[in-house]
Amino acid sequence: MQQTTIAAIATAPVKSGLGVIRISGPEALRVAGRVFQCKNRDRKLADMPGHTVCYGVLSDRSGQLDDGVATVFRAPRSYTGEDVVEFSCHGGVYSLKKILAACFDAGAEPAMAGEFTKRAFLNGKLDLTEAEAVADLIEAEGERALKAALCQKDGALHKRVDRLADRLKMLCSHLAAVLDFPEEDVEQIDRQGLLTGTESCLQDLTALIATYHQSAPIRDGVTIAIVGKPNVGKSSLLNSLAGQDCAIVTDIAGTTRDVVSARMELSGLAVTLLDTAGIRETEDVIEAEGVRRSKAACDRADLILAVFDRSAPLDGEDELMLSELAGKENVLCILSKKDRPALCDKNRLKQAFHQVTEVSSVTGQGTGQLLEQLRERLRMEEFHPEDGMIANERQLASARQAADCCRRALEALEMGMTFDAVSVELEQALGALYTLSGKRASDSIIEDVFSRFCVGK
Ligand code: GDP
């Protein structure tokens with residue numbers, strides 16, 4: 001099929017310093033040459049070698065629209081693997097739209113969402129997991145998410161899956177040989193060899209599948225809920241941790257009726273801090289709803305900061321919270337208002353939570369120590385994204401399917417079933433890995449992957 005030449009604005013549709021328009025396809029240089037005139041009139045885009053740039057003027061039929069730089073990439077050494085021209089212009093929303101319209105007038109077609117990356121995939125520049133990582137890179141909100149996406153984009157999962165697929169392919173070829181020459185007396189050895197080989201593939205697949213859950217904090221971020229009765233200083237603590245005034249702070253009990261959140265980065269992870277209405281008995285209907293939401297926030301939180309007021313004795317409401325949270329692994333006990341005289345029974349809290357951290361949101365005392373404790377809890381030293389990880393549900397489904405097939409192949413081998421039965425399962429496991437990497441993915445899977453992208457990517 002004759003490939004079209006596509007164009008799109010690659011930068012966000014907001015006023016900014018620079019804007020980029022990307023053109024890709026067999027006619028990219030010709031289309032760009034109709035819109036862009038090199039300042040040095042002796043130079044023509046069509047004659048420029050790949051990886052070179054030129055300053056010039058962008059115009060449509062009515063006249064000049066902007067000035068900027070054109071970068072030329074020649075197939076196959078470009079992002080898409082096709083001829084590509086990128087215009088770096090001023091980042092005006094209107095002017096970029098006009099330049100894009102001029103590109104269409106010159107013969108380009110509007111690019112669909114993710115079409116540049118899809119072409120890169122179809123031209124063999126990326127496998128499907130690397131293409132997905134491009135979207136993850138754009139979405140990344142913390143250092144670890146960024147690092148993980150970069151590793152994946154550079155082929156960490158691709159290589160891991162390829163290595164597994166190669167081993168499965170060897171087992172399949174071995175089986176094919178045995179099936180083709182059944183008269184050879186090698187059954188015993190083959191069965192044992194196949195068992196060991198399949199077991200080892202299954203082990204590696206299981207480890208690969210586990211990376212999906214291990215990497216959840218990187219992918220989804222971490223939620224920390226701050227709970228405690230009204231007025232103990234939850235909102236103040238949230239503000240002092242997040243370093244900004246994002247929760248309402250007053251001394252009227254029950255002010256925080258809804259869950260207020262703030263975002264921050266800790267240990268390279270995107271953290272959402274939730275300031276809750278507190279867990280208490282209340283007659284007030286609206287506040288009761290707040291309490292219900294607090295409980296729900298605690299249930300879904302990865303970590304809970306249980307706050308008690310150091311400057312007041314523990315009361316029935318504190319005891320209620322103690323009984324709800326004591327002994328839970330993911331709870332850190334905080335004694336607030338460290339700058340005030342101590343009236344609270346710290347030993348009672350120590351019995352329930354082992355460790356108690358005293359902080360003052362007014363003077364900042366203890367907040368550094370608390371942040372360090374949180375960083376410690378969120379550390380993920382055992383996790384290495386450079387080894388490749390399962391990054392989304394699509395990849396997970398394929399990896400699970402491959403593991404299920406290996407499991408069934410093992411059962412067939414152990415039950416002494418025919419090699420045909422084993423072969424069918426191992427071939428299917430291999431097919432699932434090819435779906436994962438995109439080597440043999442269906443059109444609908446490919447469409448689905450690229451529909452996540454924005455236009456221009
Ligand atoms: P919340 O209802 O638990 O969210 O409590 P707030 O953060 O709204 O604080 C209740 C009151 O305690 C406010 O008057 C705060 O200024 C005060 N407060 C909060 N933290 C501290 C602290 O560390 N030291 C002192 N002295 N007062 C605090």
Side-chain angles (χ1 to χ4, degrees), residues 5-25 28-29 31-41 43-45 48-74 77-80 82-106 108-120 131 133-147 149-150 153-154 243-244 246 263-265 268 270 452-457:
T5 295
I6 50 171
I9 301 171
T11 38
V14 287
K15 288 179 202 163
S16 44
L18 286 176
V20 172
I21 287 177
R22 204 183 227 177
I23 309 166
S24 178
L29 283 144
V31 167
R34 288 184 194 127
V35 179
F36 184 90
Q37 178 89 64
C38 298
K39 200 73 180 176
N40 174 352
R41 297 221 158 224
R43 284 186 88 184
K44 294 266 172 298
L45 275 187
M48 281 167 56
H51 295 89
T52 54
V53 293
C54 177
Y55 171 69
V57 165
L58 295 128
S59 18
D60 65 5
R61 288 168 202 270
S62 65
Q64 183 178 342
L65 299 169
D66 199 358
D67 60 340
V69 169
T71 311
V72 172
F73 303 88
R74 296 271 183 180
R77 294 187 58 216
S78 71
Y79 181 69
T80 57
E82 305 171 330
D83 280 347
V84 169
V85 179
E86 283 177 11
F87 296 142
S88 287
C89 332
H90 295 103
V93 178
Y94 182 73
S95 62
L96 282 169
K97 279 188 182 160
K98 291 282 280 185
I99 297 165
L100 183 63
C103 293
F104 295 153
D105 200 32
E109 292 185 14
M112 314 280 273
E115 197 171 352
F116 293 94
T117 311
K118 184 176 173 185
R119 286 184 177 203
V134 172
D136 294 339
L137 193 118
I138 295 170
E139 298 276 332
E141 283 194 12
E143 199 184 308
R144 279 173 179 271
L146 179 63
K147 170 138 198 273
L150 276 171
K153 191 182 78 64
D154 290 344
Q244 54 190 310
C246 32
R263 304 274 281 177
M264 62 189 293
E265 194 180 333
R452 274 182 69 202
F453 283 68
C454 44
V455 173
K457 189 61 230 170

Which atom pair, heavy atoms only, marks the closest approach of [X] to [Y]?
X: Arg263; Y: Ala270; answer: NH2-CB, 4.4 Å
X: Arg22; Y: Tyr79; answer: NH2-CD2, 3.8 Å
X: Ala70; Y: Leu45; answer: CB-CD2, 3.9 Å
X: Ile21; Y: Leu100; answer: CD1-N, 3.8 Å
X: Ala133; Y: Ala149; answer: CB-O, 3.5 Å
X: Phe36; Y: Gly68; answer: CE1-O, 3.7 Å

Charged N to carboxylate O below 4.0 Å: is that the case for Lys98 and Asp105?
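No.
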To the nearest 0.5 Å, what is the distance between [atom1] ([X]) and [atom2] ([Y])?
X: Leu65; Y: Cys89; atom1: CG; atom2: SG; answer: 9.5 Å
X: Glu82; Y: Arg74; atom1: CD; atom2: CZ; answer: 14.0 Å
X: Ser88; Y: Asp67; atom1: OG; atom2: CG; answer: 11.5 Å
X: Thr117; Y: Glu115; atom1: OG1; atom2: CD; answer: 10.0 Å
X: Asn40; Y: Cys54; atom1: CG; atom2: SG; answer: 7.0 Å
X: Leu96; Y: Asp66; atom1: CG; atom2: CG; answer: 7.5 Å

Any [X] side-chain heavy atom under 4.5 Å of [Y] side chain:
X: Phe87; Y: Val35; value: yes
X: Ile23; Y: Cys103; value: yes
X: Val134; Y: Phe453; value: yes

Does the pair Phe73 and His51 meet the rule for a side chain to side chain contact (heavy atoms under 4.5 Å, CB included), with working shown?
CA-CA 5 Å; Phe73 303 88; His51 295 89; 3.8 Å; yes
Among Thr5, Asp83, Val85, the one residue meeting side-chain contact (heavy atoms from CB on, under 4.5 Å) with Val31
Thr5
Met264 atom CE: more than 12 heavy-atom contacts under 6.0 Å:
yes
Without swapping roles, check the side chain of [X] against the backbone of [Y] for a donor-acceptor pair under 3.5 Å.
X: Glu265; Y: Glu143; answer: yes
X: Thr11; Y: Val20; answer: yes
X: Ser62; Y: Asp60; answer: no
X: Arg43; Y: Cys38; answer: no

If you apply the rule side chain to side chain contact (heavy atoms under 4.5 Å, CB included), what do you find for Val72 with Leu29, and how did you get there?
CA-CA 8 Å; Val72 172; Leu29 283 144; 3.7 Å; yes
Evaluate the side chain to side chain contact (heavy atoms under 4.5 Å, CB included) criterion for residues Asp136 and Lys153: first the C-alpha distance (whole Å), next the side-chain angles of each, then the deciding distance (0.1 Å), finally the verdict.
CA-CA 9 Å; Asp136 294 339; Lys153 191 182 78 64; over 6 Å; no
